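Keep in mind that this is a model prediction, so the values were computed, not measured.
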Amino acid sequence: GKIAPANAFSVPSYSIIFHTSHRSPLVSQNPYGRFDDAAREYVITRPDTPLPWLNYLGQDEFFGLCTNTAGGYTFWKDAKLRRLTRYRYNNVPYDLGGRYLYVNDAGSVWNPGWKPTKAKLDKYECRHGLGYTTIVAEKDGVEVTQKMCVPPGENLELWQVTVRNTGKVAKSPKLYSYQEFCFFEA
């Protein structure tokens with residue numbers, strides 16, 4: 001079906017609230033991002049960082065590394081010998097291979113995490129939090145949110161994907177996921 005314009009329906013939202021100390025928010029910022037002390041997240045505002053900026057996802061036996069462009073890999077118990085998905089540390093260019101989501105909006109193909117298509121995005125933000133990463137991107141009136149985490153007590157990585165029409169015209173975008181599996185030493 002079609003996705004209605006943004007003003008045609010409301011989407012429920014939720015918040016995760018962390019207890020924080022009475023420190024003032026950290027205002028230090030660089031050209032690529034800043035700390036959000038209240039949310040306890042590092043916020044990356046440009047996808048073209050000099051090197052991949054990554055976050056650790058994991059619980060108990062199942063872990064993953066997730067970069068600001070949705071790169072990275074997952075493994076079970078051992079990061080070298082029990083990889084489930086492929087990641088090449090010394091790849092040139094850096095940070096290829098990961099958990100990619102492709103958006104096809106009437107022939108315009110792009111990724112919320114920017115790579116591998118590197119299409120110009122109207123909006124991009126990556127939030128690395130404690131055990132989760134959320135990437136939000138928008139292009140041509142389609143906003144896609146991709147949140148990745150490893151739930152407590154589970155040996156799996158969970159993706160929560162939300163697509164929202166921010167424009168005034170109905171759209172029918174198609175989403176495709178991609179992940180390269182390697183099953184153990186890579």
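In this structure, the side chain of D105 does not engage the main chain of S108 through any donor-acceptor pair within 3.5 Å. With N55 contributing its side chain and G129 its backbone, the two residues share a donor-acceptor pair below 3.5 Å. In this structure a side-chain-to-backbone donor-acceptor pair under 3.5 Å is present from T166 to G141. Within the 3.5 Å criterion, the main-chain N or O of G71 finds no donor-acceptor partner in the side chain of K115. The backbone N or O of W53 lies less than 3.5 Å from a partner atom in the side chain of N68, making a donor-acceptor pair.
For the pair W159 and Q146, the minimum side-chain heavy-atom distance is below 4.5 Å. Contact annotation: the side chain of N104 never approaches that of W110 to less than 4.5 Å [non-hydrogen atoms, C-beta and beyond]. Residues Y100 and S177 have side chains not in contact (no heavy-atom distance under 4.5 Å, counting atoms from C-beta outward). Residues Y32 and T45 form no side-chain contact, since every pair of their non-hydrogen atoms from C-beta on lies 4.5 Å or further apart. Contact check for P151 versus L156: side-chain heavy atoms found under the 4.5 Å cut-off. Y102 has its side chain within reach of P116: a pair of non-hydrogen atoms, C-beta onward, lies under 4.5 Å apart. Residues L175 and L101 have side chains in contact (heavy-atom distance under 4.5 Å, counting atoms from C-beta outward). Inter-residue side-chain proximity for L57 and M148 is flagged as met; some heavy-atom pair is nearer than 4.5 Å.
Side-chain heavy atoms closer than 4.5 Å link hydrophobic residues (I, L, V, M, F, W, Y) into clusters, and following such links, even through other members, never connects L158 to V161. If you chain together hydrophobic residues whose side chains sit under 4.5 Å apart, V163 and V103 fall into the same group.
Taking the ring centre of Y73 as origin, the terminal cationic atom of R83 falls inside the region bounded by 6.0 Å and 45° from the ring axis. In this structure, K147 is positioned above the aromatic face of Y132, its NZ or CZ under 6.0 Å from the six-membered ring centre and within 45° of the axis.
The heavy-atom pair separating A119 from K139 by the smallest distance is CB-CE, 4.3 Å. Looking at every heavy atom in both residues, R46 comes nearest to D48 through NH2-OD2, 2.8 Å. When all heavy atoms are compared, the tightest approach of T67 to G72 is CG2-N, 4.2 Å. Listed here is the closest heavy atom pair of N165 and A170: ND2-CA, 3.9 Å. For Y42 against N30, the heavy-atom pair with the smallest separation is OH-ND2, 3.0 Å.
T145 is linked by a side-chain hydrogen bond (donor to acceptor under 3.5 Å, both in side chains) to nothing, counting only residues two or more places apart in sequence or in another chain. Shown here are the salt bridge (charged side-chain N to carboxylate O under 4.0 Å, His left out) partners of E138, two or more places apart in sequence or in another chain: there are none.
Here CZ of F35 is found 11.0 Å from NE2 of H128. Values are rounded to the nearest 0.5 Å. How far CD of Q179 is from OG1 of T74: 5.5 Å, rounded to the nearest 0.5 Å. Atom CG of L130 sits about 12.5 Å away from atom SG of C149, to the nearest 0.5 Å. Distance SG/C66 to CG/L54: 8.5 Å, rounded to 0.5 Å.
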**Request:** Run the numbers on Y124 and I44 for side-chain contact (heavy atoms from CB on, under 4.5 Å), then give the verdict.
**Result:** CA-CA 8 Å; Y124 166 87; I44 301 164; 4.3 Å; yes
_Between T133 and C126, is the side-chain contact (heavy atoms from CB on, under 4.5 Å) condition met? List the steps._
CA-CA 7 Å; T133 292; C126 172; 3.8 Å; yes
Exercise. Begin with the C-alpha distance, continue with both residues' side-chain angles, and end with the deciding distance and a verdict on side-chain contact (heavy atoms from CB on, under 4.5 Å) for E125 and I135.
Key: CA-CA 6 Å; E125 182 180 82; I135 297 174; over 6 Å; no
Using side-chain contact (heavy atoms from CB on, under 4.5 Å), reason through E157 and R99 one step at a time and then give a plain yes or no.
CA-CA 10 Å; E157 183 178 280; R99 44 190 68 72; 2.8 Å; yes
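At a threshold of 4.0 Å, the pair D36-R127 counts as salt-bridged, since one of the basic side-chain nitrogens sits closer than that to a carboxylate oxygen.
Legend: salt bridge (Lys or Arg N to Asp or Glu O under 4.0 Å) pairs involving residues 61-74, not counting sequence neighbours, sorted by first then second residue: E61-K77.
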